There are 2 protein chains.
Amino acid sequence: MARIGVETIRRQQLIDATLKVIEEHGFQGATVGKIAALAGLSVGIVSHYFGGKQGLLEATMRHLLSSLQQDVSKLMADRPNTPRERLMAIVDANFSGVQTHAQSSKTWLAFWTQAMHSPDLMRLQRVNERRLLSNLMFYLRELMPEPQVRSTAQTIAALIDGFWLRAAMSEGRIEPSQAVTLCKTYIDQAIQANNGAS
Amino acid sequence: MARIGVETIRRQQLIDATLKVIEEHGFQGATVGKIAALAGLSVGIVSHYFGGKQGLLEATMRHLLSSLQQDVSKLMADRPNTPRERLMAIVDANFSGVQTHAQSSKTWLAFWTQAMHSPDLMRLQRVNERRLLSNLMFYLRELMPEPQVRSTAQTIAALIDGFWLRAAMSEGRIEPSQAVTLCKTYIDQAIQANNGAS
DNA sequence: ATCGAAATTGAACGCCCATTCAAAAAATTG
DNA sequence: CAATTTTTTGAATGGGCGTTCAATTTCGAT
């Protein structure tokens, strides 16, 4: 029993440290030495629990993705069950992480870049993207004719990614509330524009 | 006279090689050795002409940015001088590079990530972003009331970035024409939505 | 308290990289 | 052609990194 407990704790310690180090030093500067030091552990432990640096990075990205998914689920639960409100909840959830961790967008960007040359990370990224898209499409179907559903969903997804990118660029002075507002404005515009022509 | 010619040629050779190596091996895998080998030159030449690897990377990003700016200017010249057509030209220009180099979006993403931890690259990135934004705002001002201009411009910029990101993710199977269409659809929606309330 | 297994350490190792710079090659000049 | 300058080379250097694994510590059971 204690064995499983220790393993869970250590893994989480290392993942947390990885996030902090990437925030501070970037993906390139995130060395096993720095990560282990910040976690208060030795370098050998990384290989022991994750098989190596690459395994730790994958686990960290998995952690980020599941955190995002949890945010979506939580915000969904507290909202009225109307399609429009659900869409807004998705937008809110996708920007809720920015407020808590001012620099988390940097970490996402780092992972995206890394995923470009790592099939495993790329696969995780794709799964997440498909989920967002089908989520959006599910609610949009109730708000506009079918032919516009996919295009609108793709536009919303691009908008979310684009604002994340801009947030990452603005070096700390991010304004997620503005991004949320603009995303929501677009959604309402899209609903309105595609209903007159249904 | 020949001296300037050689220097210009060598610089361009190295920048071209840098782009190709980043496309193929990613930012992390872009070593001075690989770049020099692809350019058919020796490693020492990099320090000689660029002062080091960092200088070469900055010059390469400058080259990318100025290429984009040239694309915008060229497309502008061939279009009717109406605000809407100019906006569409900006969108087209921002996706024209994707078609020729299927993987150039990867390179952009790599530079964005790198810029996060390099003040020089960040400065270049910011200049470019400001130019895009003020360009968009200039033409939007003629199409909608002032209060909506900035928000709409920011949304268009985010949309462009977001679709670039998605293009980078889709590993070769990118469809820039679709991204262009969706951006344009948004622009027309925004014009329409903000004119009834002027 | 003792033993054995699990967890942890961290120095040692090998690899890769950017940079340097003396020497060579090429180009230019007189 | 000889002298001089410019351009280019690439082996040597030094540093940083991830991984390994024998030794040590911690922990639970008896």
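These figures come from a predicted structure and were not determined experimentally. Letters A, B, ... are given to chains in the order of the sequence lines, protein chains preceding strands, and every chain is numbered from 1.
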Can you tell me the distance, in whole Å, between the NE2 atom of B:His25 and the C1' atom of C:dC17? 15 Å
State which residues pass salt bridge (charged side-chain N to carboxylate O under 4.0 Å, His left out) with B:Arg123; sequence neighbours excluded, sorted by chain then number. none
Quick one: which protein N/O atoms are closer than 3.5 Å to N/O atoms of nucleotides 9-13 of chain C? Pair and distance per line, please.
from, atom 1, to, atom 2, distance (Å)
C:dT9, OP2, A:Ser42, N, 2.9
C:dT9, OP2, A:Ser42, OG, 3.0
C:dT9, O5', A:Ser42, OG, 3.4

If the condition is salt bridge (charged side-chain N to carboxylate O under 4.0 Å, His left out), which residues does A:Arg150 pass it with, not counting sequence neighbours? none
Nearest-nucleotide pick for A:Ser47, side chain only, options being D:dT20, D:dT7, C:dA18: D:dT20
Return the value, rounded to whole Å, for the distance between atom CG of A:Leu14 and atom P of C:dA7. 14 Å
Gap between atoms CD1 and C1', on B:Ile35 and C:dC17 respectively (whole Å): 12 Å
CD on B:Gln125 to CG on B:Leu64, rounded to 0.5 Å: 10.5 Å
Nearest 0.5 angstrom please: A:Gln13 CD to A:Thr18 OG1, how far? 11.5 Å
Grab the N/O contacts between the protein and nucleotides 24-26 of chain C below 3.5 Å, and write none if there aren't any.
none

I'd like to check the side chain to side chain contact (heavy atoms under 4.5 Å, CB included) partners of B:Leu132; sequence neighbours left out, ordered by chain and number. B:Ile90, B:Asn94, B:Leu136, B:Ala157
Those residues that, when tested against A:Asp71, pass salt bridge (charged side-chain N to carboxylate O under 4.0 Å, His left out) (two or more places apart): none
Quick one: list whatever passes side chain to side chain contact (heavy atoms under 4.5 Å, CB included) with B:Val43, sequence neighbours left out. B:Val32, B:Ala36
Taking only side-chain N and O atoms of B:Tyr49, does any of them lie within less than 4.0 angstrom of OP1 or OP2 on D:dT8? yes
So the ring-ring contact (aromatic ring centres under 6.0 Å, His included) pairs with at least one residue in residues 175-194 of chain A (sequence neighbours excluded) are A:Tyr186-B:Tyr186
Quick one: ring-ring contact (aromatic ring centres under 6.0 Å, His included) pairs with a partner in residues 26-48 of chain B, sequence neighbours left out? B:Phe27-B:Phe111
Tell me: CD of A:Gln28 to C1' of D:dG15, nearest whole Å? 16 Å
Qualifying side chain to side chain donor-acceptor pair (under 3.5 Å) pairs with a residue from residues 133-143 of chain A, counting only residues at least two apart or across chains: A:Arg141-A:Glu146
Strand-adjacent residues in residues 50-60 of chain B, judged by heavy atoms under 4.0 Å from DNA chain C: B:Gly52, B:Lys53
Expressed as a whole number of angstroms, how long is the span from B:Arg11:CZ to D:dT7:P? 12 Å
Pairs satisfying salt bridge (charged side-chain N to carboxylate O under 4.0 Å, His left out), at least one member in residues 26-55 of chain A, at least two apart: none
